Amino acid sequence: MKKFKRYTITSALPYANGPLHIGHIAGAYLPADTYVRFLRLRGEDVVFVCGSDEHGVAITIGAKKEGMTPRQFVDKYHAVMKKAFEDFGISFDIYSRTSNEVHYKTAQDFFTKIDQQKLFIEETSDQYFDEQEGIFLADRYIVGTCPNCGNPNAYGDQCEKCGTSLSPKQLIKPRSTVSGKEPVLRPTKHWYFPLDKFEGWLKEWLIEGHKDDWKTNVYGQCKSWIDQGLQPRSITRDLDWGIPVPLPDAKGKVLYVWFDAPIGYISATKELRPNDWEKYWKDPETRLIHFIGKDNIVFHCIIFPSMLKAAGDFILPDNVPANEFLNLEGEKLSTSRNHAVWLHEYLQDLPGRRDELRYVLNSISPETKDADFTWKDYQQKVNSELVAILGNFINRVMVLTWKYFDGKVPSEKELPGTTEKRKRILDLYNKAHEEMNRSVKSMVNALDNFRFREAQFEMMNLARTGNKFLADTEPWKLAKEDMEAVGSILNYVLTIVGNIGVACAPFLPDASASIIKQLNGLSLVDGWKLFWKKEELVPTVPENHQLNQPELLFRNVEDAELEKQLERLKKDKPKAVNPETTSTVKPLKPEIVYDDFGKLDIRVGTVLAAEKMEKSNKLLKLTVDTGLDKRTILSGIAQHFSPEEITGKQVTLIANLAPRKMMGIESQGMILMAEDADGKLKLLQPSDVVSPGSTVS
RNA sequence: GGCGCGGUAGCUCAGGUGGUUAGAGCGUUGGAUUCAUAACCCAAAGGUCGGGGGUUCAACUCCCCCCCGCGCUACCA
């Protein structure tokens, strides 16, 4: 592997529209923090940067919902997240934000640099304009009827009901969410980043160059993306919240949030090291690593590297160890249903138990596939691993030392193998030592390769081996006959305790601090570097050194505590409780007159037959008896109804909707559905069976 | 539908250019022990390695088909 002089480590910039939950932590922050702590212990030159991502339309919408300005809104969530990270102990060198002045300048310079090379494509197109407000409407600000499913409140970029991605012009009867008025089309100019031009380069750099050293999930997705062909991406928006496009003819334009956000890594570094930030971003001897969740792979592996390449003289990510997702109690985390463990709530409910969360999240870290966090598992891991194995080992060594040697480190005197018993002890010592050195090497190797689960497991092996050594040598029995041997044994297990204190520092910083404190171990500090350098057990406690009183590292999680957390999950489920969650009830549409309604021909029909559309997983092809005729209607309900269960049912439909061709077949009407808060679709039916063709009014 | 990643003991995961009885931790059961937060230590039970075909002397490991989970992508008028 190439040798690097220094490291630039980034964690995905969290979007400043809500608090952090354990999914975020497990995905991008805990692994990064563990890695960074490891690097620092090893004495590497490293910067660990992150910050809030504060631009984009979602922010302006969120702000509006909470009755604030975007500025106030991001201030609020930036503070919330920053505090949660601090309280949890994620050791960023800087936690910045993209609304900073430094970032504005950095992002604009970045844009300019690419612009000077004439790389951007400028294109004028018609976009919706709100005449009353005098602004161009971002896709998200336009709602209208979804051309796909008829959802009257589809957004301009996506219909949340059927999941289709849309462009505003596809919407039927578009309206502005700002004024409620119907917007008009007006020409506007935008800038596009020519991703397609980087295809060849990406193939070489990524597909060829990182075939073997990137995780399969990351590599696979990138390859799939590139193989599908890349297109220019728009990088500007008409919006008043964001970074102004630094060109004279770009009034009212800001950089699209995806363009400015990753540049935030650079800005944060600049802010942290104003004088020498460049070496962390431009020196090929610097290793750039992005920690992210899998939703971010394409940005960090394809788009941002292309931007860096385009801007010239920047280094590229050497690795992007993206994690998969974390589920909670068998279900996806959901902000809107409040199905989540919020970091700030955890810290409040279970104070002083940061390491426990770190340990559990790390042990189930979704490194290769989605993982599931359950409170039961949390309890089990804390009680039977942290308490029973690690905590217990440290504690019994401390207690033994106090009991037999008044807390003074006994002599490590070599045991002359004069008796059978002593010979046996020597033998056990050698075995344990060998085993532990093996663990240390594996641990370091795993850390080096982003396999944090495995690394933590090897760290725990030190305690396991220590426990076994104690059980095998039984110093409490020897105390009756051979105190010299007892001293020798305890000296060794104290050394192990010290080494565990050092080894667990990347995973369990609080426990590490406590161990050092119990060992009264400032003298340890020198041992630290040696340990990480030699990758083997090092001497940690000098003879005759006075220890401090033992203190318990971890405490069992009681059933009651478990219940409380489970209870909270259940209770919170039905309703959104968090302020940032969006209301599930759609806003009222603009008023209409009776004539508008009168134009609709709504009927009740009977589904005569239904079949799944070939090559579609959303569409069902229905044959419906409308009373007037038997016609074919395509409906995007395949994920909610099987052909069998819908056949024979009465349905409500719009009978005079203009026909529309989908996947080669003409659909002659539209089935009406009620959409529940959870997105499930239900049929709209008369309370009793009526004859087909009955009108609805 | 296409593409990508994954599907190994109750749980969390290892594994392999194909080759003796498929591994670990936790959980469970039994035993031993008391220095320790009823913890530690020992032992055992527990798997048709998602399913079905094929290649091979031999497949969990290679090939094909199918099923399930997750993600991206196209079609839900």
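These numbers come from a predicted model, not from an experiment. In the text below, chain A, chain B and the rest are named by the order of the sequence lines, each starting its count at 1.
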Would you measure the distance from the [atom1] atom in [N] across to the matching atom in [M] and give it in whole Å?
N     : M     : atom1 : value
B/A32 : B/C42 : C1'   : 7 Å
B/G51 : B/A59 : C1'   : 16 Å
B/G10 : B/U28 : P     : 15 Å
B/C62 : B/U17 : C1'   : 11 Å
B/A43 : B/G4  : P     : 45 Å
B/G53 : B/G69 : P     : 23 Å
B/C11 : B/C75 : C1'   : 40 Å
B/C70 : B/G50 : C1'   : 16 Å

Expressed as a whole number of angstroms, how long is the span from [X]:[atom1] to [N]:[atom2]?
X        : N     : atom1 : atom2 : result
A/Tyr359 : B/U12 : OH    : C1'   : 10 Å
A/Phe325 : B/G6  : CZ    : C1'   : 15 Å
A/Asp227 : B/U73 : CG    : C1'   : 13 Å
A/Asp295 : B/G71 : CG    : P     : 11 Å
A/Asp377 : B/G25 : CG    : P     : 17 Å
A/Gln456 : B/U12 : CD    : P     : 16 Å
A/Lys294 : B/G4  : NZ    : P     : 16 Å
A/Gln221 : B/C72 : CD    : C1'   : 6 Å

Checking B/C75, B/C5, B/G25 against the side chain of A/Thr216 (C-beta onward), the nearest is B/C5
Parallel, tilted or perpendicular, as decided by the 30° and 60° cut-offs, for the rings of A/His300 and A/Phe304: perpendicular
Take the angle between the ring planes of A/Phe373 and A/Tyr378 and call it parallel below 30°, perpendicular above 60°, tilted in between. tilted
Do A/Lys421 and A/Glu481 sit within salt-bridge range, that is, some charged N less than 4.0 Å from a carboxylate O? yes
A/Arg631 bridged to A/Asp629 by N-O distance under 4.0 Å: yes
On RNA chain B, does the nearest nucleotide to A/Asn461 precede the nearest nucleotide to A/Gln228 from the 5' side, or the other way round? Give the residue. A/Gln228
Compare side-chain N and O positions of A/Lys381 against OP1 and OP2 of B/C13 and report whether any pair is under 4.0 Å apart. no
RNA chain B in dot-bracket form (Watson-Crick or G-U pairs under 3.5 Å, [ ] crossing, | inter-strand) is (((((((..((((.....[...)))).((((.........)))).....(((((..]....))))))))))))....
Flag this pair as yes if the NZ/CZ of A/Lys294 is under 6.0 angstrom from the six-membered ring centre of A/Phe325 and inside a 45 degree cone about the axis; otherwise no. yes
Answer with base, sugar-phosphate or nothing: what part of the nucleic acid does A/Lys332 contact at a heavy-atom distance below 4.0 Å? sugar-phosphate
Please determine, by modelled atom types, if A/Asn491 and A/Ser488 share a side-chain donor-acceptor pair under 3.5 angstrom. no
Taking atom types as modelled and ignoring hydrogens, do the side chains of A/Ser514 and A/Glu551 form a donor-acceptor contact shorter than 3.5 angstrom? yes
Nearest 0.5 Å, please: how far is CG in A/Leu462 from CG in A/Asn499? 7.5 Å
Below 6.0 angstrom between ring centroids: does that apply to A/Phe469 and A/Tyr492? yes
Under the criterion side chain to side chain contact (heavy atoms under 4.5 Å, CB included), which of A/Ile297, A/Val298, A/Leu206 is the partner of A/Trp225? A/Val298
Under a 4.0 Å heavy-atom criterion, the protein footprint on nucleotides 33-45 of chain B, written with B, S and -, is -SBBB-SSSS---
